[in-house]
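Below: the structure, in structure tokens.
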Amino acid sequence: MKQPAKLLIVDDEEDILLSLRFLLQQHYSSVQTEHNPYQLVRVLRNQSFDLILLDMNFRKGDTSGKDGLHWLQKVKELQPQASVIMITAYADLKTAVEAVKIGAADFVEKPWRNEKLLATVQTTLKLKQTTQAVAQLKAQNTILQSEIDQSFAEMVGQSEAMQRVFQLIEKVGKTEANVLILGENGTGKELVARAIHRASPRRAQVFVKVDLGAIPETLFESELFGHQKGAFTDAKSDRTGRFEVAAGGTLFLDEIGNLQLPMQAKLLTVLQNRSVRRLGSNAETPIDVRLISATNMPLYSMVNEQAFRQDLLYRINTVEIQLPPLRERTSDIPLLIEHFIKLYGKKYQKEQLDISAPTVQLLQGYHWPGNIRELQHTIERAVILCESNTLQAEDFVLKTSTPDIASSDTAEGPNTYKLDELEKWAIRKVLTQEQGNISKAADVLGLTRAALYRRLEKYGL
């Protein structure tokens with residue numbers, strides 16, 4: 001069986017090209033030849049190669065090896081990831097050392113012995129694969145180390161709504177289906193994504209999270225797909241993209257609703273082709289990831305407003321999980337309170353803490369606009385600041401309900417100078433004026449549809 005590898009032979013002697021091609025085609029899936037080194041730039045800009053066999057001398061009577069070193073340097077500029085074996089009839093140690101310094105992987109003399117040449121090619125390709133694997137492991141380790149200190153509590157809940165979520169996680173976890181998790185901020189979308197990963201056949205592999213809402217459009221391709229050294233001004237070294245880092249595991253695309261349309265198109269292409277191409281490279285790298293996406297944005301409304309691609313939505317939501325807000329599962333609040341008190345009591349050396357029953361009732365009656373995340377932070381603060389072993393109502397600071405701006409609005413605007421309230425008033429006024437048309441309202445406000453949707457979510461409009 002032929003080994004999947006793409007080889008290029010560059011030599012000015014046709015018989016050399018013919019014999020090498022005949023030999024190597026028996027062992028490797030793709031072998032190309034080129035007799036004119038001046039065509040190398042064109043060839044390398046259009047195609048990527050795993051290994052290049054490069055002659056040292058291209059001018060009749062020249063034995064200096066200068067031509068070979070020149071073209072070796074050009075190859076490493078255009079395709080730094082390609083391994084190069086130099087071939088010459090005039091081998092000398094000084095030239096060999098110089099070639100290795102520039103980036104050659106090995107050095108073979110003419111005439112060659114087939115067994116030795118095949119062994120050199122095989123060893124060079126294995127070394128290349130090992131180097132790539134090490135780079136991928138380093139990238140994975142960097143991501144894992146950046147997340148190792150983050151605390152992700154186990155999912156807690158006995159309500160009917162959460163039992164339905166648990167059942168879905170159990171069913172979908174066993175499959176390779178793409179999953180879309182919908183829910184308000186703070187409802188635990190990442191916890192669900194991690195639970196699906198742990199329930200999947202990929203549980204022993206890496207889980208890679210990407211916060212799409214935090215990636216500038218200019219860095220989107222580099223972050224997700226990777227780049228080659230020199231692909232742009234600040235690309236000082238090769239970078240492995242998140243799709244490649246997540247190989248064999250799960251890729252979690254958080255805040256996918258924040259993607260602008262051009263980035264949506266690029267993501268869709270990768271998902272359809274099941275391969276990525278690093279910036280600055282022509283090589284297509286197959287991807288093997290389990291995709292989980294999440295958002296708090298109203299994707300279906302955004303599809304209707306042409307702010308989110310319908311074909312991308314179909315691609316990412318083979319199975320859809322809707323997380324309930326905390327106000328719709330208040331029966332779980334006592335369990336969550338107990339869980340977080342234990343968690344932060346241990347963290348802050350206050351393990352004897354408990355909470356009074358009236359305080360639990362108070363917390364159950366609160367509307368929790370920030371959902372579980374707000375509850376978690378509220379309890380952590382109370383644990384830090386409490387004076388006794390029993391948490392009381394006075395240990396908690398809860399936001400009071402924001403008064404309805406509409407009641408205090410004048411024809412000119414609200415009776416306030418707070419920027420958030422002014423923005424909320426302006427959005428509400430323009431939406432009323434445009435009869436709820438999101439596209440027209442966004443144009444009037446000078447926003448993109450996605451940005452307007454984010455503000456609607458923020459202000460609960």
Side-chain angles (χ1 to χ4, degrees), residues 48 81 135-136 138-140 142-144 146-147 178-182 185 189-190 193 206-247 249-299 302-303 305-317 442 447-455 457:
S48 291
Q81 79 283 1
Q136 182 173 322
K138 282 183 178 178
Q140 288 180 346
T142 300
I143 291 171
L144 290 172
S146 70
E147 297 185 352
N178 291 341
V179 181
L180 175 62
I181 306 168
L182 300 174
N185 280 333
K189 296 186 286 295
E190 183 174 345
V206 68
F207 176 96
V208 176
K209 175 191 172 183
V210 184
D211 184 356
L212 295 177
I215 301 176
E217 187 169 356
T218 53
L219 297 179
F220 174 78
E221 287 183 90
S222 173
E223 187 72 23
L224 264 69
F225 313 144
H227 65 248
Q228 296 295 124
K229 180 180 178 181
F232 49 89
T233 303
D234 293 326
K236 307 206 183 299
S237 61
D238 290 356
R239 175 177 180 140
T240 305
R242 296 303 179 96
F243 270 96
E244 289 185 68
V245 171
T250 300
L251 182 64
F252 175 47
L253 300 181
D254 198 11
E255 303 297 349
I256 197 168
N258 288 322
L259 277 185
Q260 298 298 312
L261 287 170
M263 293 186 281
Q264 292 176 30
K266 291 171 183 175
L267 176 60
L268 179 63
T269 299
V270 167
L271 297 179
Q272 287 174 334
N273 296 339
R274 302 296 297 173
S275 65
V276 296
R277 180 185 295 177
R278 291 187 183 188
L279 280 173
S281 171
N282 295 310
E284 292 283 347
T285 303
I287 57 170
D288 172 27
V289 299
R290 198 300 173 62
L291 185 70
I292 303 177
S293 308
T295 185
N296 64 340
M297 306 283 278
L299 290 187
M302 292 172 67
V303 167
E305 294 291 336
Q306 298 183 342
F308 197 86
R309 293 181 65 113
Q310 188 175 54
D311 45 5
L312 179 57
L313 179 59
Y314 289 153
R315 181 71 60 173
I316 63 177
N317 76 334
L447 300 170
T448 64
R449 286 188 294 269
L452 179 52
Y453 276 120
R454 285 195 291 273
R455 284 164 173 77
E457 178 71 24

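Values in this document were obtained by computation on a predicted structure and should not be read as measured data. All residue numbers in this chain count up from 1 along the given sequence.
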**Q.** Donor-acceptor under 3.5 Å (His227 side chain, Ser237 main chain)
**A.** yes

Q. Are Ile316 and Leu267 side-chain neighbours, meaning at least one heavy-atom pair lies under 4.5 Å?
A. no

Q: Can you measure from CG (Leu312) to CG (Asn317) and round to the nearest 0.5 angstrom?
A: 9.5 Å

(Q) For the CZ atom of Arg315 and the CG atom of Leu180, what is their distance to the nearest 0.5 Å? (A) 14.5 Å

**Q.** Contact check, side chains of Thr448 and Gln260, non-hydrogen atoms, under 4.5 Å
**A.** yes

Q. Going from CG on Leu279 to CG on Leu219, what distance comes out if it is rounded to the nearest 0.5 angstrom?
A. 10.0 Å

For residues 291-298, tabulate all N or O donor-acceptor pairs below 3.5 Å that involve a side-chain atom, not counting sequence neighbours.
residue : atom : partner : partner atom : Å
Thr295  : OG1  : Gly257  : N            : 3.4
Thr295  : OG1  : Met297  : N            : 2.9
Asn296  : ND2  : Asn185  : OD1          : 3.0

Q) Are any non-hydrogen side-chain atoms of Leu212 and Ile256 less than 4.5 angstrom apart? A) yes

Q: Report, as yes or no, whether the 6.0 Å neighbourhood of atom CD on Gln272 holds more than 12 heavy atoms from other residues, nucleotides or ligands.
A: yes

Q. Is the backbone N or O of Ala307 less than 3.5 Å from a side-chain atom of Gln264, with the two atoms forming a donor-acceptor pair by type?
A. yes

Q. Arg455 and Leu447: which non-hydrogen atoms are nearest, and at how many Å?
A. CD-CD1, 3.7 Å

Q | Test item: Leu224 and Leu251 side chains (from C-beta on) under 4.5 Å apart, heavy atoms | A | no

Q) Do any N or O atoms from the side chain of Thr269 and from the backbone of Ala265 form a donor-acceptor pair under 3.5 angstrom? A) yes

Q: Please work out which of the three classes, parallel, tilted or perpendicular, describes the rings of Phe243 and Phe225, given edges at 30° and 60°.
A: tilted

Q) To the nearest 0.5 Å, what is the distance between CD (Gln228) and OG (Ser48)? A) 7.5 Å

**Q.** Shortest non-hydrogen contact between Lys189 and Leu182, atoms and distance
**A.** CD-C, 4.2 Å

Q: Show your working on side-chain contact (heavy atoms from CB on, under 4.5 Å) between Glu255 and Val210 and close with a plain yes or no.
A: CA-CA 9 Å; Glu255 303 297 349; Val210 184; over 6 Å; no

Q: Examine distances only and state if a side-chain atom of Asp238 and a backbone atom of Lys229 form a donor-acceptor pair shorter than 3.5 Å.
A: yes

Q.
Within the structure provided, determine whether Gln81 and Arg278 are in side-chain contact (heavy-atom separation under 4.5 Å).
A. no

Q) Are the side chain of Asp254 and the backbone N or O of Lys209 linked by a donor-acceptor pair below 3.5 Å? A) no

(Q) Between Met263 and Glu221, is there a side-chain heavy-atom distance shorter than 4.5 Å? (A) no

